[in-house]
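Notes to accompany the following structure.
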Amino acid sequence: MPPKHDSAEGIVLGFVNEQNRPLNSQNVADALQKYNLKKSAIQKALDTLADSGQISFKEYGKQKIYLARQDQFKIPSNPELDQMKKENCQLQEQIDVQKKARTEIEAEIRSLQSNLTLEEIRSKQSMLQTEVNEMEAKLKKLRDGVILVKPEEKKVIEQTFSEKMNHWRKRKRIFKDLWDAITENSPKDAKEFKEELGLEYDEDVGVSLQSYSELMNANKKRRTAQ
């Protein structure tokens with residue numbers, strides 16, 4: 001007489017038949033934890049089912065391996081196997097189509113999520129319009145000949161800039177003279193010594209005395225031309 005489906009034996013029998021692969025008691029216990037069955041109860045159910053011939057088992061040393069009885073399963077014929085393989089291929093093709101469609105939909109969703117909402121577009125448009133109005137107001141002043149920087153302020157700025165440039169040149173020259181004197185008879189490689197001391201040249205930090213000198217000269221030429 002087959003066990004009740006909700007009994008320990010019924011649950012174990014159903015699982016073994018469903019899996020239809022070699023299992024030991026630990027495999028079954030791990031899989032049936034959701035039923036709150038203790039391993040001892042599962043082991044007893046397996047032994048009872050095996051003794052009654054409802055499942056098969058083999059012993060390998062101290063371990064027992066359990067397997068569903070194969071005579072309860074219908075073995076398909078070669079034509080049936082071929083048909084099953086064909087249906088499997090068709091199902092696989094359908095799965096591939098669905099995966100591709102899902103990938104395209106997910107890409108479209110990501111694209112939509114990356115776009116601005118209508119509220120965000122309006123906010124950005126308002127901000128950009130404010131910037132445009134400010135730039136147009138400045139442009140109008142320039143076209144109307146309004147002097148944005150007073151001549152005396154401009155003169156002070158140019159003098160300050162010129163003084164800073166002179167200090168830059170002077171310090172650059174002092175450093176070069178000292179560095180040449182230190183490294184002239186030094187056995188160390190100048191580049192390695194520089195890195196060891198943690199020194200940085202203007203070029204190391206992306207600045208150039210020459211470029212600033214050209215900027216000042218260009219400003220003088222423009223003022224002379226005016």
Side-chain angles (χ1 to χ4, degrees), residues 30 33 89-226:
D30 291 341
Q33 286 182 359
C89 289
Q90 292 174 347
L91 289 172
Q92 188 60 51
E93 289 176 358
Q94 292 178 17
I95 291 173
D96 292 340
V97 171
Q98 292 297 324
K99 284 183 177 179
K100 183 179 179 182
R102 187 186 69 180
T103 300
E104 292 175 352
I105 291 173
E106 288 176 347
E108 185 175 355
I109 291 174
R110 287 194 296 270
S111 176
L112 291 173
Q113 289 176 338
S114 65
N115 293 333
L116 297 176
T117 64
L118 182 59
E119 183 179 352
E120 290 171 335
I121 291 174
R122 287 173 176 169
S123 175
K124 190 168 185 178
Q125 182 184 23
S126 176
M127 181 182 66
L128 292 174
Q129 187 61 51
T130 300
E131 292 180 3
V132 169
N133 293 340
E134 292 174 354
M135 296 300 291
E136 285 181 345
K138 290 181 180 180
L139 182 60
K140 185 177 184 303
K141 288 181 179 180
L142 292 172
R143 285 173 175 169
D144 293 343
V146 175
I147 299 175
L148 301 180
V149 180
K150 296 179 180 180
E152 55 270 24
E153 293 178 349
K154 185 178 180 181
K155 185 177 181 180
V156 171
I157 293 171
E158 289 177 346
Q159 288 177 344
T160 302
F161 183 80
S162 179
E163 290 174 1
K164 300 298 182 184
M165 290 294 294
N166 290 333
H167 282 302
W168 190 353
R169 289 192 189 91
K170 183 178 180 181
R171 294 186 179 213
K172 194 176 180 71
R173 185 169 58 253
I174 292 172
F175 170 78
K176 185 177 184 306
D177 293 341
L178 289 172
W179 183 251
D180 290 344
I182 292 171
T183 59
E184 183 178 3
N185 298 316
S186 175
K188 289 188 176 181
D189 179 76
K191 184 177 180 181
E192 292 180 357
F193 190 32
K194 167 180 167 283
E195 294 178 353
E196 182 180 335
L197 295 175
L199 299 177
E200 290 181 333
Y201 293 162
D202 295 342
E203 295 76 12
D204 295 332
V205 292
V207 296
S208 169
L209 175 63
Q210 181 64 29
S211 63
Y212 283 97
S213 298
E214 292 174 355
L215 177 64
M216 187 169 63
N217 292 334
N219 184 59
K220 289 181 179 178
K221 290 180 181 179
R222 185 167 57 252
R223 188 170 63 249
T224 302
Q226 291 175 350

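A quick note: this is a predicted structure, and the numbers were derived from the prediction, not measured. Only this structure's heavy atoms are used, side chains among them; waters, hydrogens and symmetry mates stay out.
Expressed to the nearest 0.5 Å, how far CD of Q125 lies from OG1 of T130 amounts to 10.5 Å. Atom CD of E152 sits about 10.5 Å away from atom CD1 of I157, to the nearest 0.5 Å. To the nearest 0.5 Å, atom OG1 of residue T103 and atom CD of residue Q98 are 11.0 Å apart. Atom NZ of residue K188 and atom OG1 of residue T183 lie 12.5 Å apart, to the nearest 0.5 angstrom. The structure places CD of E106 at 11.0 Å from CD of E104, a figure rounded to the nearest 0.5 Å. Here the straight-line distance linking atom CZ of R122 with atom OG1 of T117 works out to 9.5 Å at 0.5 Å rounding.
Remark: M135 CE is loosely packed, at most 12 non-hydrogen atoms of other residues, nucleotides or ligands lying under 6.0 Å away. Under a cut-off of 6.0 angstrom, the local environment of CD in E108 is sparse, with at most 12 non-hydrogen atoms contributed by other residues, nucleotides or ligands.
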Determine, step by step, whether T160 and K164 satisfy the side-chain contact (heavy atoms from CB on, under 4.5 Å) criterion, reporting the C-alpha distance in whole Å, the side-chain angles of both residues, the deciding distance to 0.1 Å, and the verdict. CA-CA 6 Å; T160 302; K164 300 298 182 184; 4.2 Å; yes
Kindly indicate, with the supporting measurements, whether the criterion side-chain contact (heavy atoms from CB on, under 4.5 Å) is fulfilled by L209 and M165. CA-CA 8 Å; L209 175 63; M165 290 294 294; 3.4 Å; yes
Would you sort out whether E131 and L128 count as a side-chain contact (heavy atoms from CB on, under 4.5 Å), showing the intermediate values? CA-CA 5 Å; E131 292 180 3; L128 292 174; 4.0 Å; yes
Can you check side-chain contact (heavy atoms from CB on, under 4.5 Å) on K99 and I95, steps first, answer last? CA-CA 6 Å; K99 284 183 177 179; I95 291 173; 3.7 Å; yes
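In terms of heavy atoms, L199 sits closest to D204 at O-OD2, 4.3 Å.
E120 pairs by the salt bridge (charged side-chain N to carboxylate O under 4.0 Å, His left out) definition with nothing, not counting sequence neighbours.
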Return all side-chain donor-acceptor pairs below 3.5 angstrom for residues 171-182, not counting sequence neighbours, or 'none' if the list is empty.
{"from": "K172", "atom 1": "NZ", "to": "D202", "atom 2": "OD2", "distance (Å)": "2.9"}
{"from": "K176", "atom 1": "NZ", "to": "D180", "atom 2": "OD2", "distance (Å)": "3.0"}

